[in-house]
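By convention in this document, chain letters (A, B, ...) are assigned in the order of the sequence lines, proteins followed by strands, and residues within each chain are numbered from 1. Note that the structure is predicted; figures quoted are calculated from it, not measured.
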There are 2 protein chains.
Amino acid sequence: MRPGPKRTLSEEAVLDAAMGLLAEGGAAAVTVRGIASRLGVAPNAVYTYVPNKAAVLSALVERLLGEVDLKALADPATPWRRRLHALALGLRERLIAQPGMVHLLLSGPMDGPNALALGECLLAVLAEAGLDPEPAARASYLLIVYVVGSIALEAAEMDADAPPQPEAERVAARRATFAAVPADRFPRTAAAAETMAGFISTEQFRWGLDRLLDGLTR
Amino acid sequence: MRPGPKRTLSEEAVLDAAMGLLAEGGAAAVTVRGIASRLGVAPNAVYTYVPNKAAVLSALVERLLGEVDLKALADPATPWRRRLHALALGLRERLIAQPGMVHLLLSGPMDGPNALALGECLLAVLAEAGLDPEPAARASYLLIVYVVGSIALEAAEMDADAPPQPEAERVAARRATFAAVPADRFPRTAAAAETMAGFISTEQFRWGLDRLLDGLTR
DNA sequence: ACCTGAACACCGTTCAAGT
DNA sequence: ACCTGAACACCGTTCAAGT
C-alpha cells in the first residue's frame with residue numbers, strides 16, 4: 001500500500017479493528033499497533049483518523065451504549081420493572097460477551113451522548129415507577145452502579161487475555177475454588193460454598209437487581 | 001551498589017515501593033522498572049523477590065484488605081447496620097485515597113486470605129441481622145458489588161495519573177459537566193443536574209447503601 | 001491530505017554473566 | 001544467592017519526509 005491522499009480507512013474502520021482485537025485478546029490486546037496491523041497500515045497512520053488511544057477506547061464504550069435498545073426501555077406497554085430487568089440483563093450480556101469491555105467502561109467518565117441518552121431514558125422509566133425526580137436520579141445511578149459493579153466483579157474472575165467462557169464453566173471454576181476453602185478457619189464461607197459459586201450467574205444478578213428495586217420502591 | 005548475595009531488599013520493600021508509585025502517579029505508574037529505580041536497583045533485581053508484576057498487584061490488594069478492621073466489624077456491641085456502614089465507608093475511603101487501586105482490585109479475583117476473612121466476617125454480621133445462610137451469602141456479595149461498583153464509577157471520573165482530588169472539587173467538576181447538558185434533548189437529566197453532580201459523594205454512597213440494606217432486610 | 005520509515009522514550013521479562 | 005548489563009519483543013506517539 002503506497003502513501004498518498006487515499007482515505008482508504010475511516011474512524012469506523014479503526015473502531016471495528018479495535019473491537020476485533022478486544023474480542024480476540026481482551027483489553028490488553030487493544031493496541032494502536034495492533035489496530036494498524038489489522039488494517040494493513042503503518043502504526044502512525046491510525047493517528048489520521050483518531051487523536052490517540054484513549055479516544056478509541058471511549059468511542060468503543062459509546063458505540064456499545066448506542067446498541068442499547070432505548071425504544072424497548074421506553075415502551076409504556078411493558079411494566080417498568082420488566083423493562084429495567086431487560087435493560088440490566090441486556091447490558092450484562094453485552095459486556096460479558098466482550099471480556100475487557102468493562103475495564104474500558106471504567107477507564108473514563110461515561111459522559112458521551114449515548115450515555116446521556118441512556119440516563120435520560122432511565123429517569124423516565126423511574127418516573128413512571130412513581131419516583132420523584134430526586135429519588136429517581138439517585139436510583140438511576142444506583143442501578144448503573146449495580147450493573148457495572150456486578151459485571152466488573154465477574155470480569156475480574158475471567159481471564160482477561162482470552163475469549164469468554166460460558167457461564168456454566170465459570171461457575172464450575174468458582175465452585176472448585178470455594179471447595180478448597182478450609183472449613184475450620186472460614187466455616188460460614190465453606191458452608192455457603194455452593195451458593196457463593198453461583199454469584200457469577202445470571203440468577204444471582206437477577207436476585208440482586210430485585211433486592212435493589214425492592215429497596216428503591218418500598 | 002555492587003552485586004552479591006546481600007538480600008538488601010525484601011518483598012515488603014517491593015510492595016512499599018509499588019504503593020508509593022500508586023499514590024503518586026496512579027495505576028499506570030506502578031511498573032517493575034519504576035519499583036526498581038525507587039529501590040535503587042536494576043529492573044531485573046525485583047524478580048528476586050517477586051515472580052512477576054501481576055503478583056505485585058494482587059499483593060497490594062491483599063495488603064489493603066488486610067487493613068480492614070475486622071474486629072470492629074465483628075463487635076456485637078454496635079448495631080449491625082452501623083457496622084456495615086462503617087465497613088463500606090472505610091473501604092470507600094481507603095480505595096478513593098489511592099487512585100487506581102480499584103483497577104488493581106478489579107484486575108483479578110479476590111481470593112486471597114484477607115479477602116476470605118472479610119467475606120467470612122460479613123457473613124457473620126448478616127447472620128446477626130437475621131438473614132439465613134443463603135440470603136446472607138447472596139447479600140454479602142451484593143454489598144461487595146455495591147461498594148466496589150460505586151468506587152469504580154467514582155474512580156472512572158478521576159484523573160488516573162494524578163493524586164486524588166478532594167470530594168468537593170470532584171463534585172464541582174461534575175456540576176460543571178451536567179450544567180452543560182442541553183435541556184431540550186435531555187430534559188430530565190438537565191432538571192436533576194444538581195442531584196447528579198452529587199453522585200460522586202459520601203452522601204449518595206450512604207443513601208444507596210441504605211436502599212440496599214432496605215431491600216435486603218425487608 | 002494521507003501515508004511511510006525512523007526514531008524516542010518507554011514497557012515486562014529473560015539470560016548469561018559476575019561476586 | 002543475589003545482583004548486573006544487555007538484550008528481546010513489545011508499547012504510544014512524534015516528526016520529517018514522500019506522493
With the side chain of [X] defined as its heavy atoms from C-beta on, choose the nearest nucleotide among [options].
{"X": "B:Asn52", "options": "D:dC3, C:dT4, C:dT13", "value": "C:dT13"}
{"X": "A:Arg33", "options": "C:dC2, C:dA7, D:dC3", "value": "C:dA7"}
{"X": "B:Ala45", "options": "D:dT13, D:dT4, C:dC2", "value": "D:dT4"}
{"X": "B:Thr31", "options": "C:dA7, C:dC3, C:dC11", "value": "C:dC11"}

Using whole Å, what does the distance between atom [atom2] of nucleotide [N] and atom [atom1] of [X] come to?
{"X": "B:Leu39", "N": "D:dC3", "atom1": "CG", "atom2": "C1'", "answer": "13 Å"}
{"X": "B:Glu11", "N": "D:dC2", "atom1": "CD", "atom2": "P", "answer": "13 Å"}
{"X": "B:Leu21", "N": "C:dG12", "atom1": "CG", "atom2": "P", "answer": "10 Å"}
{"X": "A:Tyr47", "N": "D:dC15", "atom1": "OH", "atom2": "C1'", "answer": "13 Å"}
{"X": "B:Ile35", "N": "D:dC3", "atom1": "CD1", "atom2": "P", "answer": "15 Å"}
{"X": "B:Lys53", "N": "D:dC10", "atom1": "NZ", "atom2": "C1'", "answer": "13 Å"}

- Message: Quick one, B:Leu39 and B:Asp16 - any side-chain contact, counting heavy atoms below 4.5 Å?
- Response: no
- Item | Min side-chain heavy-atom separation B:Trp207-B:Gln204 under 4.5 Å | yes
- Message: Is the phosphate of C:dC3 approached by A:Tyr49 (side-chain N or O, under 4.0 Å from OP1 or OP2)?
- Response: yes
- Message: D:dC3, OP1 or OP2 - any side-chain N/O from B:Thr8 closer than 4.0 Å?
- Response: yes
Hunt down the Watson-Crick or G-U wobble partner of [N], both distances under 3.5 Å, from any strand shown, or write none.
{"N": "D:dA17", "value": "none"}
{"N": "C:dC3", "value": "none"}
{"N": "D:dC11", "value": "none"}

- Item | Test log, rule side-chain contact (heavy atoms from CB on, under 4.5 Å), inputs A:Ile96 and A:Val102 | CA-CA 8 Å; A:Ile96 290 290; A:Val102 202; over 6 Å; no
- Item | Cationic N near anionic O, under 4.0 Å, B:Arg63 to B:Glu11 |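 Salt bridge flag = no for B:Glu11 with B:Arg63.
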- Query: Hey, does the Lys NZ or Arg CZ of A:Arg174 hover above the aromatic six-ring of A:Phe199, less than 6.0 Å from the centre and inside 45° of the axis?
  - Reply: no
- Could you give the distance separating D:dC11 and C:dA7 at their C1' atoms, to the nearest angstrom?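 Their C1' atoms lie roughly 14 Å apart.
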